[in-house]
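Keep in mind that this is a model prediction, so the values were computed, not measured.
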Amino acid sequence: MHAWRGHSFGSPEILVWEEVDDPSLAEGEVRIEIAASAINFPDVLFTAGAHQVKPTPPFIPGFEVAGVVVESRAPSLPTGTRVAATLPGSGGYATHAIAGPRTTYALPAGMPFEDAAALTITYQTGYLALHRRARVRPGDTVLVHAGAGGVGSAAIQLARAAGATVIATAGGEQKAAVCRALGADVAIDYRREDFVAIVKERTAGRGADIIFDPVGGDVFDQSTKCVAFEGRIVVIGFASGRFPAPRANHMLVKNYDVLGFYWGTYSRAEPAVTRAAQDALYAMVGQGAIKPLISAALPMAEAKAAMTAVASRATTGKVVLLAKP
């Protein structure tokens with residue numbers, strides 16, 4: 001097989017396309033010939049050695065793929081099955097990957113591989129953060145930060161499908177327009193507008209019932225000023241680069257919750273929960289309620305440039321690498 005490998009930590013430029021020995025299959029595992037591999041912002045952190053999961057070089061980035069099973073030691077996933085898979089140890093920027101049965105999902109008939117690769121981690125994150133952690137209900141107002149990004153675009157669609165009113169923030173009018181096209185009732189360009197004031201205005205002073213925050217830093221701090229009584233702020237990540245420090249006294253007085261959600265822990269500790277979420281997501285795709293926003297589908301050969309674009313926030317939704325452009 002061939003793969004993009006890092007022999008040290010750094011920017012995407014340190015990755016090298018090279019031949020790699022085919023790993024052996026353990027009982028219950030499958031070998032997937034990759035058709036599509038989705039890029040996530042954590043892939044950039046992983047390559048830089050700044051992710052929660054720090055690999056030992058040499059390593060292969062990429063956590064979510066779609067393709068065809070070409071070798072199987074899992075009776076439920078025979079050779080020829082079209083699948084999507086999440087890879088806890090990474091390995092998606094390659095021609096082949098090994099995946100276990102707990103995190104490999106047979107695809108609905110007719111689902112394109114690029115959609116399938118983009119519909120696992122970010123959509124499971126959005127679904128479980130909103131439904132399991134924040135207990136979203138019809139009529140809730142949900143504020144989604146970074147709404148034009150990969151996980152934000154998923155959250156907008158999922159909140160709308162749950163019957164919520166969605167307010168989204170994004171950097172620039174073009175990205176705000178993307179949020180509106182995804183179904184946001186209100187889209188705020190945070191570069192020139194005060195999202196706190198707009199949220200309060202749109203909710204008659206009450207604030208947002210749920211705030212979906214993959215940004216952290218100042219965005220989290222400001223969000224505490226527009227969360228509703230008994231509201232929930234769900235911490236998804238820290239794209240800003242700063243870990244915020246919640247003020248317990250403020251949480252007490254305003255009676256709101258700060259909830260964490262990290263997909264990797266759920267995938268390892270509660271695979272039945274992530275599988276149930278994936279089943280629900282496939283059903284929603286079939287109903288036309290959600291569809292991944294893919295802003296670019298590029299050849300695997302362009303992985304380094306694609307990662308750099310994602311890191312610089314020059315993209316919207318998801319960027320997917322294709323084995324056969």
Side-chain angles (χ1 to χ4, degrees), residues 121-147 149-170 179 182-188 190 194-240 242-266 269-270 273-274 276-277 280-281 284 290:
I121 294 176
T122 51
Y123 275 83
Q124 286 183 19
T125 294
Y127 185 88
L128 292 172
L130 290 170
H131 287 273
R132 186 178 178 93
R133 299 294 283 146
R135 308 294 183 185
V136 64
R137 299 181 296 266
D140 279 346
T141 295
V142 178
L143 172 61
V144 177
H145 289 303
V151 70
S153 61
I156 289 173
Q157 295 181 59
L158 292 164
R160 284 284 292 176
T165 296
V166 181
I167 302 174
T169 68
C179 294
L182 288 165
D185 298 278
V186 179
I188 302 167
Y190 66 78
D194 179 359
F195 75 79
V196 173
I198 294 174
V199 169
K200 288 182 176 180
E201 177 188 352
R202 291 285 181 158
T203 59
R206 184 172 183 275
D209 300 290
I210 298 170
I211 299 178
F212 186 92
D213 181 16
V215 181
D218 293 346
V219 167
F220 176 92
D221 295 342
Q222 292 296 103
S223 293
T224 64
K225 300 177 181 179
C226 61
V227 63
F229 170 73
E230 294 192 332
R232 289 84 75 199
I233 301 176
V234 190
V235 177
I236 305 298
F238 311 102
S240 69
R242 179 171 73 82
F243 302 148
R247 293 182 295 153
N249 62 322
H250 196 254
M251 295 165 60
L252 182 150
V253 172
K254 288 194 68 174
N255 291 279
Y256 65 87
D257 298 329
V258 175
L259 308 169
F261 181 86
Y262 176 51
W263 171 85
T265 303
Y266 270 94
E270 294 283 358
V273 171
T274 53
L281 292 168
M284 294 169 76
I290 60 173

S.K.: Any side-chain heavy atom of Arg135 sitting closer than 4.5 Å to one from Asp140?
M.R.: no
S.K.: Between Ala146 and Val215, which heavy-atom pair has the shortest distance, and what is it?
M.R.: CB-CG2, 4.0 Å
S.K.: Regarding Asp221 and Arg242, does a basic nitrogen lie under 4.0 Å from an acidic carboxylate oxygen?
M.R.: yes
S.K.: To the nearest 0.5 angstrom, please state how far the OG1 atom of Thr141 sits from the CD1 atom of Ile211.
M.R.: 10.5 Å
S.K.: Which pair of heavy atoms, one from Gly152 and one from Val144, lies closest together, and at what distance?
M.R.: O-CG1, 3.7 Å
S.K.: I'd like to check Leu281 versus Leu158 (side-chain heavy atoms, cut-off strictly below 4.5 Å). Are they in contact?
M.R.: yes
S.K.: For the residue pair Ser240 and Val219, establish whether any side-chain heavy-atom pair is separated by less than 4.5 Å.
M.R.: no
S.K.: If you round to the nearest 0.5 Å, how far is CE of Met251 from CD1 of Ile233?
M.R.: 8.0 Å
S.K.: Could you state the interatomic distance from CZ (Arg133) to OG1 (Thr125), rounded to the nearest 0.5 Å?
M.R.: 12.5 Å
S.K.: Heavy atoms only: give me the nearest Leu182-Gly147 pair and the separation to one decimal.
M.R.: CD1-O, 3.9 Å
S.K.: Does a side-chain heavy-atom distance below 4.5 Å link Tyr123 with Met284?
M.R.: no
S.K.: Can you name the nearest heavy-atom pair linking Ser153 to Gly150, along with the distance?
M.R.: OG-O, 2.9 Å
S.K.: If you take all heavy atoms of Gln222 and Val196, which pair is closest and at what distance?
M.R.: O-CG2, 3.4 Å
S.K.: Would you be so kind as to tabulate the donor-acceptor pairs closer than 3.5 Å made by side chains of residues 256-265, with sequence neighbours excluded?
M.R.:
| residue | atom | partner | partner atom | Å |
| --- | --- | --- | --- | --- |
| Tyr256 | OH | His250 | ND1 | 2.9 |
| Trp263 | NE1 | Gln124 | OE1 | 2.8 |

S.K.: Is there a side chain to side chain contact (heavy atoms under 4.5 Å, CB included) between Asp185 and Arg160? Walk through the geometry before answering.
M.R.: CA-CA 9 Å; Asp185 298 278; Arg160 284 284 292 176; 3.0 Å; yes
S.K.: For Ile188 versus Ile167, what's the shortest heavy-atom pair and its separation?
M.R.: CD1-CG2, 3.6 Å
S.K.: Checking Lys254 side chain against Gly231 main chain: does a donor-acceptor pair fall under 3.5 Å?
M.R.: no
S.K.: Just to verify, what does Asp209 make a salt bridge (Lys or Arg N to Asp or Glu O under 4.0 Å) with, not counting sequence neighbours?
M.R.: Arg206
S.K.: Are the aromatic rings of Phe195 and Tyr190 close, with centres under 6.0 Å apart?
M.R.: no
